[in-house]
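Report on the following structure.
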Amino acid sequence: MPPVGANCAYPTITRDGTICTHCYTDILHVKRRMGHPQPDSGCTYPHTFLTLRIRRCYSTSYISFASPRMKNAARTHRVSTSDDVEVSTYLGIASALQSEQPSPRETAPVSGQEAIVILDFGSQYSMLIARRIRECHVYCEILPSNTSWERVAQLNPKGFILSGGPASVYAPDAPLAPDYVFEKGLPILGICYGMQTIAHQLGGKVAPGEKREYGHSVLHLDVEDCPLFDGLPPSSPVWMSHGDVVTVLPPGFKALAYTENSPYAVIGNDQNIYGLQFHPEVTHTPQGRRIIENFAYGICGCSGSWTPAQFITESVARIREQVKDGKVVCALSGGVDSAVTATLMHRAIGDNLTCFFINNGLLRSEEPERVLNTFANNLKVHVVYVEATDRFLRRLCGVVDPEQKRRIVGEEFIYVFEEEAAKLGAVDFLAQGTVYPDVVESASSAENKAAARIKSHHNVGGLPTTMRLNLVEPLRYLFKDEVREVGLALGLPEEMIWRQPFPGPGLSIRVIGEVTKERLDILRAADWIVMNEVKKAKLYGQLWQSFAVLTDVRSVGVMGDARTYGYLIAVRAVTSIDAMTADWARLPYELLDRIADRIINEVPYVNRVVYDVTSKPPATIEWE
């Protein structure tokens, strides 16, 4: 931990360019929020979730979706889920009291010669499907199941994927595929509910299964010449998650594969319409990626030409068309999303971009210095440093509820940002690093009646209605891994690209209970030790996140022959591919011993250290 005070060896640069002798901490970047399987389903399936109307704690009861359409399908045979709002990108605020707000003006979708359209029926897994398609270098978008053909046609679709969903197709007002899906003659792949709606709408029958099927199963192929099965073995493991089954095939369809409990595990016809009862998008289906590749390349005829370089070229052109000669401001966080956003904006409009770095006092140790140096050395853009620690701490005084902390931090950030932007004179646009999961997960019930929402994502639905700036969101259709690929193609340093995620509200949600300067200093010191030891052990790049949490627990100890009553620090380290699920990291005992020993000896008021060995689910990555 660097020293604090007049002799500080880590001076921060103030907004006017002078040197400040105080040591503040770190600012962010944020991970999107993920979800959890139903606690009593026995499901270990990795998935991403739609938002629910009300936040619930984990329980063994089913939580039903809140949209009007789903209320009529309450007796569904689908699995409902609990919801976890993990983290969101920093810029923006969560809407107070769950109030509805208009979404930002839609950014034009990525142009291109080919795309696959995923029509979402409220699935838990739609983003996983999209990720698998994108991994084929084929552009795709997730759209609500009731999207008009005019919107879909803009993407020049080469095929449709119909997602799963929580409804039963035979239930009143269950969502169905639009007529154009079957009228345009394009290839169709239905997954789980998507397969059942194909069967239901084309003359087959779907009914509750005698036995629900959740978990591993073995798929056996019935045919040898199906292009969907190109390169697959005769039998392979798949992952099932359904209660309804197709009992009668539509005219012209035949069974292509079966499992022990599903005679129609895969169906198809000679018009390139296929249905899968299992989930090919998950790692639990080892041949799933091959199936999706076969659909994208062999059946839809996609070329796989969508690359980071193509995205950069198109994005720069779109930004110039939207902004023209306008002035743009952008908030830098130190994370990859804001860095890539600023780099794209600067490449497109040059000095018409001004970036702000706001120190909210909720940052890790040395973070302002590192961020400013990195941007100065790599981005070559005009960055205005704003010291706002006192403002944020005043607003957080006495607040213990984590959702209120999030709202306050986001709200105050917007106020500070607008005040500073006003000093520049006329400003027309706000650039922000909204990424695709933010957009999909924040879809309001007005946009997709098969989904409901618990809260607005900071970057998507939570901006104040009085905000006077138009939005520019060049990353709006990218996943996090794609943002990193674009960042590397833009020449950003790997240190910035592979920085571990950091929550938007900063350390305020890693201080359990009230946020004070004293408690922040304690947490910063402990977090510095965790990060320092993890990096010395050369494990930083192998961990999704590693950090310390200052709990609101105090315990008795003995130090120096005297009784102590000190704080308990929790150390959290997880491994993950995309934060949809996460496992606690099996750190070496020697490393944990060094971390605990240093924290106890170097951090005042702490006398106990514990290591969090809970995976996600059932826990979240962050404690609040």
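- Closest approach of A526 to I569, counting heavy atoms only: CB-CD1, 3.9 Å.
- Between L492 and T343 there is a side-chain heavy-atom pair separated by less than 4.5 Å.
- Remark: E367 engages R499 in a salt bridge, criterion side-chain N to carboxylate O under 4.0 Å.
- With values rounded to the nearest 0.5 angstrom, L488 atom CG is found 11.5 Å from M496 atom CE.
- Judged by distance alone, with hydrogens and angles left aside, the side-chain atoms of R510 form no donor-acceptor pair with the main-chain N or O of T551 at under 3.5 Å.
- The shortest distance between side-chain heavy atoms of I600 and V606 falls below 4.5 Å.
- Under a 4.0 Å N-O distance rule, the pair K616/D583 does not qualify as a salt bridge.
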*Stepwise side chain to side chain contact (heavy atoms under 4.5 Å, CB included) check, L568 with V610*: CA-CA 7 Å; L568 183 151; V610 298; 3.6 Å; yes
*Show your working on side-chain hydrogen bond (donor to acceptor under 3.5 Å, both in side chains) between T516 and E514 and close with a plain yes or no.*
CA-CA 6 Å; T516 66; E514 184 179 5; over 6 Å; no
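- A donor-acceptor contact shorter than 3.5 Å links the side chain of T285 to the backbone of W239.
- Remark: the backbone N or O of S365 is paired with a side-chain donor or acceptor of R370 at under 3.5 angstrom.
- Summarising the geometry, atom CG belonging to D337 is positioned 8.5 Å from atom CZ belonging to R484; distances are rounded to the nearest 0.5 Å.
- The main-chain N or O of Y125 is found under 3.5 Å from a side-chain atom of S123 such that the two form a donor-acceptor pair.
- P308 has its side chain out of reach of E482: every pair of non-hydrogen atoms, C-beta onward, lies at least 4.5 Å apart.
- Looking only at distances, no side-chain donor or acceptor of W544 sits under 3.5 Å from a matching main-chain atom of T575.
- Residues F417 and V329 meet the side-chain proximity criterion, which asks for heavy atoms closer than 4.5 Å.
- Proximity of F357 to L372: side-chain heavy atoms (C-beta onward) are separated by under 4.5 Å at one or more points.
- Of the possible polar contacts, none joining the N532 side chain to the W528 backbone as a donor-acceptor pair under 3.5 Å is found.
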*From CA spacing to verdict: side chain to side chain contact (heavy atoms under 4.5 Å, CB included), F547, R364*: CA-CA 10 Å; F547 55 88; R364 289 173 295 194; 5.7 Å; no
Run the side-chain donor-acceptor check on residues 587-596: report pairs under 3.5 Å with partners two or more places apart or on a different chain.
residue: R594; atom: NE; partner: E533; partner atom: OE1; Å: 3.2

*Hey, mind stepping through H279 and S241 against side chain to side chain contact (heavy atoms under 4.5 Å, CB included) and telling me if it holds?*
CA-CA 8 Å; H279 289 272; S241 179; 4.0 Å; yes
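- In terms of heavy-atom proximity, N359 sits nearest to P368 at ND2-CG, 3.7 Å.
- Both tests do not hold together for R608 against Y567: distance to the six-membered ring centre under 6.0 Å, angle to the ring axis within 45°.
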*For the pair T341 and Q432, evaluate side chain to side chain contact (heavy atoms under 4.5 Å, CB included) and give the outcome as yes or no after the intermediate values.*
CA-CA 7 Å; T341 297; Q432 63 179 23; 6.0 Å; no
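- Closest approach of F392 to N360, counting heavy atoms only: CB-O, 3.3 Å.
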_From CA spacing to verdict: side-chain hydrogen bond (donor to acceptor under 3.5 Å, both in side chains), S546, Q500_ = CA-CA 8 Å; S546 50; Q500 289 183 1; 3.2 Å; yes
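- One finds no salt bridge joining D481 and R134 here, because no Lys/Arg side-chain nitrogen approaches an Asp/Glu carboxylate oxygen to under 4.0 Å.
- In this structure, CG in L520 is found 8.5 Å from CG in L550, a value given to the nearest 0.5 Å.
- Counting heavy-atom neighbours within 6.0 Å of Y605 OH, excluding the residue itself, gives a total of 12 or less.
- Taking CG of L396 as the start and NZ of K517 as the end, the distance is 15.0 Å to the nearest 0.5 Å.
- Atom CG in D401 sits 12.0 Å away from atom CD1 in I509 (nearest 0.5 Å).
- Checking E622 against T620 by side-chain atom types alone, no donor-acceptor pair falls below 3.5 Å.
- Taking the six-membered ring where tryptophan is involved, the planes of H216 and H284 are tilted, since the angle between them lies from 30° to 60°.
- In this structure, the side chain of R572 engages the main chain of I621 through a donor-acceptor pair within 3.5 Å.
- In terms of heavy atoms, V515 sits closest to L393 at CG1-CD2, 4.2 Å.
- Side-chain contact between Y415 and R391 is present, with heavy atoms from C-beta onward closer than 4.5 Å.
- At least one side-chain heavy atom of L332 sits under 4.5 Å from a side-chain heavy atom of V383.
- Contact record, A585 with Y611: O-OH, 2.5 Å, taken as the closest heavy-atom pair.
- Between the CG atom in L507 and the CD1 atom in I522 there is a gap of 12.5 Å [rounded to 0.5 Å].
- A donor-acceptor contact shorter than 3.5 Å links the side chain of T564 to the backbone of G557.
- Using a 4.5 Å heavy-atom threshold, the side chains of V574 and L543 count as separate.
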*Under the salt bridge (charged side-chain N to carboxylate O under 4.0 Å, His left out) rule, what do R132 and E281 come out as? Steps first, then yes or no, please.*
CA-CA 6 Å; R132 299 298 173 251; E281 68 273 22; over 6 Å; no
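- When all heavy atoms are compared, the tightest approach of V511 to E624 is O-OE1, 4.1 Å.
- Heavy-atom neighbours of E419 CD from other residues, nucleotides or ligands within 6.0 Å: above the threshold of 12.
- The side-chain hydrogen bond (donor to acceptor under 3.5 Å, both in side chains) test applied to R554 returns no partner, not counting sequence neighbours.
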*Could you walk me through whether Y540 and Q542 pass side-chain hydrogen bond (donor to acceptor under 3.5 Å, both in side chains), step by step?*
CA-CA 5 Å; Y540 182 83; Q542 300 176 35; over 6 Å; no
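- When each of K405, R395, R406 is tested with E411 by the rule salt bridge (Lys or Arg N to Asp or Glu O under 4.0 Å), just one qualifies, namely R395.
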